[in-house]
K.L.:
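Please read through the structure below; I'll follow up with questions.
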Amino acid sequence: MSIIRRKEDRKKVVKEEVQKGPGHLISLVGVEQDSEMWNRGRMLNENVLEKDCGVGYHVHQGDGEIYVILSGEAEYNDNGTVTTVKAGDITFTGPGEGHAITNRKDEPMSFMAIILYE
């Protein structure tokens with residue numbers, strides 16, 4: 001299988017209070033169904049967080065999540081340890097681990113989120 005999904009053709013979704021986080025998340029959907037990732041994952045989205053918006057703390061069960069920070073910077077909670085992530089950084093949260101991300105800056109930040117099954 002081979003897919004080219006052009007940015008202008010991708011579905012844009014605005015989600016409120018993702019994982020009980022503040023504000024909203026703007027997603028450009030990259031994968032629309034598990035079979036597009038050979039049933040080995042369920043998400044490949046480009047996300048934008050505006051000021052004071054974020055994804056609330058959550059623990060992964062049966063899957064893991066990778067964030068690739070594309071632009072800007074954000075506060076990142078890695079299992080209770082809070083740090084700053086910025087463009088070029090990559091995070092990985094495995095099964096049984098938790099994380100959150102919040103943009104505290106005036107400028108929007110963007111990141112790819114990839115969820116892979118255990």
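Please read these numbers as outputs of a predicted model, since none were measured by experiment.
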K.L.:
Could I get the full list of side chain to side chain contact (heavy atoms under 4.5 Å, CB included) partners for I4, not counting sequence neighbours?
P.N.:
R6
K.L.:
Test question: given the 4.5 Å side-chain rule for I, L, V, M, F, W and Y, name all other residues clustered with L49, or answer none.
P.N.:
V18, L25, V55, Y67, I69, Y76, V85, I101, M109, F111
K.L.:
Go through the structure and list residues passing side chain to side chain donor-acceptor pair (under 3.5 Å) with D106, not counting sequence neighbours.
P.N.:
K51
K.L.:
Which residues pass the side chain to side chain donor-acceptor pair (under 3.5 Å) test with N79, not counting sequence neighbours?
P.N.:
E97
K.L.:
I66: what forms a side chain to side chain contact (heavy atoms under 4.5 Å, CB included) with it, not counting sequence neighbours?
P.N.:
V68, I90, F92, I114, L116
K.L.:
Report, one line per pair, each donor and acceptor closer than 3.5 Å where one atom sits in a side chain of residues 8-15; sequence neighbours left out.
P.N.:
unit_1, atom_1, unit_2, atom_2, d
R10, NE, V29, O, 3.2
R10, NH2, L28, O, 3.0

K.L.:
Holding to side chain to side chain donor-acceptor pair (under 3.5 Å), I want the full list of residues that pass it with Q19, two or more places apart in sequence or in another chain.
P.N.:
none
K.L.:
Which residues pass the side chain to side chain contact (heavy atoms under 4.5 Å, CB included) test with S35, not counting sequence neighbours?
P.N.:
Q33, N39
K.L.:
Once ring pair (Phe, Tyr, Trp, His ring centres under 6.0 Å) is applied, do any residues pair with H58, and if so which ones, sequence neighbours excluded?
P.N.:
H60, H99
K.L.:
Going by the rule side chain to side chain contact (heavy atoms under 4.5 Å, CB included), which residues pair with N77 if we only count those two or more places apart in sequence or in a different chain?
P.N.:
Y57, V82, A100
K.L.:
Are M112 and L44 close enough that some pair of their side-chain heavy atoms sits under 4.5 Å apart?
P.N.:
yes
K.L.:
What heavy-atom pair brings Q61 and G96 nearest, and what distance separates the two atoms?
P.N.:
NE2-CA, 4.2 Å
K.L.:
Can you see which heavy atom on S110 is nearest to which on V48, and at what distance?
P.N.:
CB-CG2, 4.1 Å
K.L.:
Once salt bridge (charged side-chain N to carboxylate O under 4.0 Å, His left out) is applied, what residue pairs with a partner in residues 65-89 remain, sequence neighbours excluded?
P.N.:
E73-K105, E75-R104
K.L.:
Tell me, please, which residues at least two apart from T83 pass side chain to side chain donor-acceptor pair (under 3.5 Å).
P.N.:
none
